[in-house]
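Working notes for the structure below.
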Amino acid sequence: MAGNAHVYSTAVNPPNEGLAPTISPTAHPADHKDPAAVMQGVTEVPAGERVEEEEMPEGPTTGKYEEWAYYLYYNGDSGVGPNGYSSTLFQNLATQAGTDSITGGACDQGTCMLDFGGQKSVASVVLIANGISFGIMTLLFTTIGSCADYADWNKWILIVSTVICWGSQFGFLGISQPYQWHTAMAMYMLGFLSYGVTLVFYASIFPRLARNTQKTKDARAALDRGEIATEDYERVEMLERNRLSNISTAHSNWGYLLTLALNLSILLPLADNPLVDQYTLAFTNCYWIVCGLPWFFLQKKRPGPSLPKGESWFTIGWKQIWKALRQWKRLPYTFIYLFAFFLLADGLNTTGTVVTIVQNQHIQFSFLESTYLGLAQAATSIFSCYAFWYLQRWRLLKTKWMFAVTNVITVLIPFWGMLGLWTDKIGFHNTWEFWLYNVVFGLGQAPYYAYAQTMMSELTPPGYEGMFFGLFGITNRASSLVGPNVCSAIIDNTGNSWNAFIFLFCLCAAAALVIWFFVDMEKGRAQAIAFSIQQRGLSAEVRQEQVANVIGEQALVKA
């Protein structure tokens, strides 16, 4: 195969079709530059060799305004509304409408029960609502995930899902009575579902942004000139992916912190107003609108290829996923990670739901107390995102190592809850434990989200972000089809929410061990690039050298 650097085509051996000048690698071996020097931007493209911005087939360079607009969107899309307040409103109204399993009156001493296809606990109904939402997400991600790789569909999927989520949050302004708990459940599910879609298709953007930063483009040109080795270039792009992922996650937590702090201006003076919770949710939604709109106008156009002739928008996703699944042997580490993350995300997401249920009961659904706890989590989350990123940049640590540290905390949280089965002194029975949980969650789990998606980006074939992040969305969100239903059955059969932590601890521990021992990131990255070359040919995003020195020339040319 020819090693043309700036050729974009869907063929395996494409000619130069005039999209941009061809820059061939120099003949001499790569000169191993100091990685630290490369990261500081010492290696630059000489002025005479720069390709004009509009001629770059990989798309325009990621600018600072576009990057900041990307961060601000996540600042607004922090989940305070659809993932926090709306859940509390729904659970509160369901509890007011329920009956006590002991007295038969208003919920007080025993388990709070609802008539939902038979008598079920409120905790069980909340978990069922999440499970149904995750099931619908599975259908959506498999249908529209691959569409995002074509034309401008990623942009429009994100816009539409965002607007739907905004509408669902405002819808709670008309829901305030216990008999409306069914409506509250539907509105919560709509917001939770659309919020999950925004997260997936927002996250699928950052790998392309990272490939188009000036630092990455300079390193790619230096690789073509033979001035740096392939591993040096991979380190540059890896750190750029981690930088965007960590800083955007930090901004999500900045939004979480600022929103909760601003909400005190409503919660405190209107504490006696019966609609104070609804007003607070609407205000939170307005914050997201202000922060989210700039991204829709400042993002630069980097469209994917046109939809193949004869294909349908409604079936291409299923066909692409089926094709990828049939070729799992070509991407074994990608699919091992997806499977293990399915288990890990299932355990972590359900653990968060169970802890939230227990916490809401303990604080008696107080928005004010929930806000204080959220502030503690947000502050520590911001600190940890920056701390993890600076440590990684300083020591040039690999993504997998950073992710492993966060997984230790992922396993310890359900383990702590499990202890509550045998003692009331610890195990989420006391107020101080919920403060500790939110602090520890912020310190360990905020970077978890950043490194989980960076792991996925490194194992995703370039140009297939929509499809593979759609699969990632299924593992991250729809994986909880299993956890909530299993935990719901455990809680219903035992009458004790703490029994669910045993299952969750085993699930998280098993998943973390599989990722650590069975996912080879270097080989997985090379296999992903080889897959992209074999399917779409050499392009400005991939290099033959990135594959050959890891998995060999034979693996690259094999069909």
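For this chain, numbers begin at 1 and follow the sequence in order.
In the displayed structure, Trp401 atom CH2 is contacted under 6.0 Å by at most 12 heavy atoms of other residues, nucleotides or ligands. A 6.0 Å sphere centred on CZ of Phe415 holds no more than 12 heavy atoms belonging to other residues, nucleotides or ligands. No more than 12 heavy-atom neighbours from other residues, nucleotides or ligands sit within 6.0 angstrom of CH2 on Trp394. Within 6.0 Å of CZ in Phe296 there are more than 12 heavy atoms belonging to other residues, nucleotides or ligands.
The closest side-chain heavy-atom distance from Ile128 to Phe116 is below 4.5 Å. Looking at Phe434 and Val358, their side chains come closer than 4.5 Å, going by heavy atoms from C-beta outward. You'll find the side chain of Ile515 reaches within 4.5 Å of the side chain of Met455, heavy atoms only. For the pair Leu193 and Leu140, the minimum side-chain heavy-atom distance is below 4.5 Å. Side-chain contact between Trp166 and Ile289 is present, with at least one heavy-atom pair separated by less than 4.5 Å. With contacts defined as side-chain heavy-atom distances shorter than 4.5 Å, the pair His251/Trp68 qualifies. Side chains of Tyr71 and Trp254 form no contact here, defined as non-hydrogen atoms less than 4.5 Å apart. With a 4.5 Å cut-off on side-chain heavy atoms, Ile247 and Glu67 do not count as touching.
Between Glu240 and Arg243 a salt bridge is recorded (basic side-chain N to carboxylate O distance below 4.0 Å).
Minimum heavy-atom separation, Phe192 to Pro82: CD1-O, 4.0 Å. Here the closest non-hydrogen pair linking Pro60 and Arg302 is O-NH2, 3.0 Å. Scanning all heavy atoms of the two residues, the minimum distance from Val197 to Ser161 falls at CG1-CB, 3.6 Å. Minimum heavy-atom separation, Trp498 to Gly417: CD1-O, 3.3 Å. In this structure, Gln453 and Thr249 approach most closely via the heavy-atom pair NE2-OG1, 4.4 Å. The heavy-atom pair separating Arg211 from Glu465 by the smallest distance is NH1-OE2, 2.8 Å.
Side-chain polar atoms of Thr142 and Trp318 form no donor-acceptor pair below 3.5 angstrom. Checking Thr454 against Ser245 by side-chain atom types alone, a donor-acceptor pair falls below 3.5 Å. Side-chain N/O atoms of Gln445 and Thr406 include no donor and acceptor closer than 3.5 Å.
Rounded to the nearest 0.5 Å, atoms OG (Ser457) and CG (Leu209) are 11.5 Å apart. Here OG of Ser176 is found 7.5 Å from CG of Leu93. Values are rounded to the nearest 0.5 Å. Taking CD1 of Ile490 as the reference point, atom CG of Leu504 lies at 7.5 Å (rounded to 0.5 Å). Here CG of Leu275 is found 11.5 Å from CD1 of Ile175. Values are rounded to the nearest 0.5 Å. Note that CG of Leu239 is 9.0 Å distant from CZ of Arg241, once rounded to the nearest 0.5 Å. If you take CG on Leu158 and CG on Asp152, they are separated by 12.5 Å, rounding to the nearest 0.5 Å.
The residue from Tyr202, Tyr449, Trp288 that alone fulfils the ring-ring contact (aromatic ring centres under 6.0 Å, His included) condition with Tyr74 is Tyr202. Checked against Tyr279 for a side-chain contact (heavy atoms from CB on, under 4.5 Å), the options Asn263, Leu267, Leu270 give a single hit: Leu270.
Between Phe472 and Phe469, the gap from one ring centroid to the other is short of 6.0 Å. The ring of Phe206 has its center no closer than 6.0 angstrom to the ring center of Tyr70.
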Decide yes or no on side-chain hydrogen bond (donor to acceptor under 3.5 Å, both in side chains) for Tyr451 and Gln392, but give the supporting numbers first. CA-CA 11 Å; Tyr451 288 111; Gln392 183 182 21; 3.1 Å; yes
Taking it one step at a time, do Asn75 and Tyr287 satisfy side-chain hydrogen bond (donor to acceptor under 3.5 Å, both in side chains)? CA-CA 9 Å; Asn75 190 301; Tyr287 180 89; 2.6 Å; yes
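Remark: the backbone N or O of Gly466 is paired with a side-chain donor or acceptor of Asp149 at under 3.5 angstrom.
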Please tabulate, for the side chains in residues 365-382, all donor-acceptor contacts under 3.5 angstrom to protein atoms that are two or more places apart in sequence or on a different chain.
unit_1 : atom_1 : unit_2 : atom_2 : d
Ser366 : OG     : Leu368 : N      : 3.4
Ser366 : OG     : Glu369 : N      : 3.0
Thr371 : OG1    : Tyr85  : OH     : 2.8
Thr371 : OG1    : Phe367 : O      : 2.7
Gln377 : NE2    : Asn438 : OD1    : 2.8
Thr380 : OG1    : Ala376 : O      : 3.0
Thr380 : OG1    : Gln377 : O      : 3.0
Thr380 : OG1    : Val439 : O      : 3.4
Ser381 : OG     : Asn253 : OD1    : 3.3
Ser381 : OG     : Gln377 : O      : 2.7

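Annotation: ring pair (Phe, Tyr, Trp, His ring centres under 6.0 Å) contacts involving residues 86-114, sequence neighbours excluded, comprise Phe90-Tyr188.
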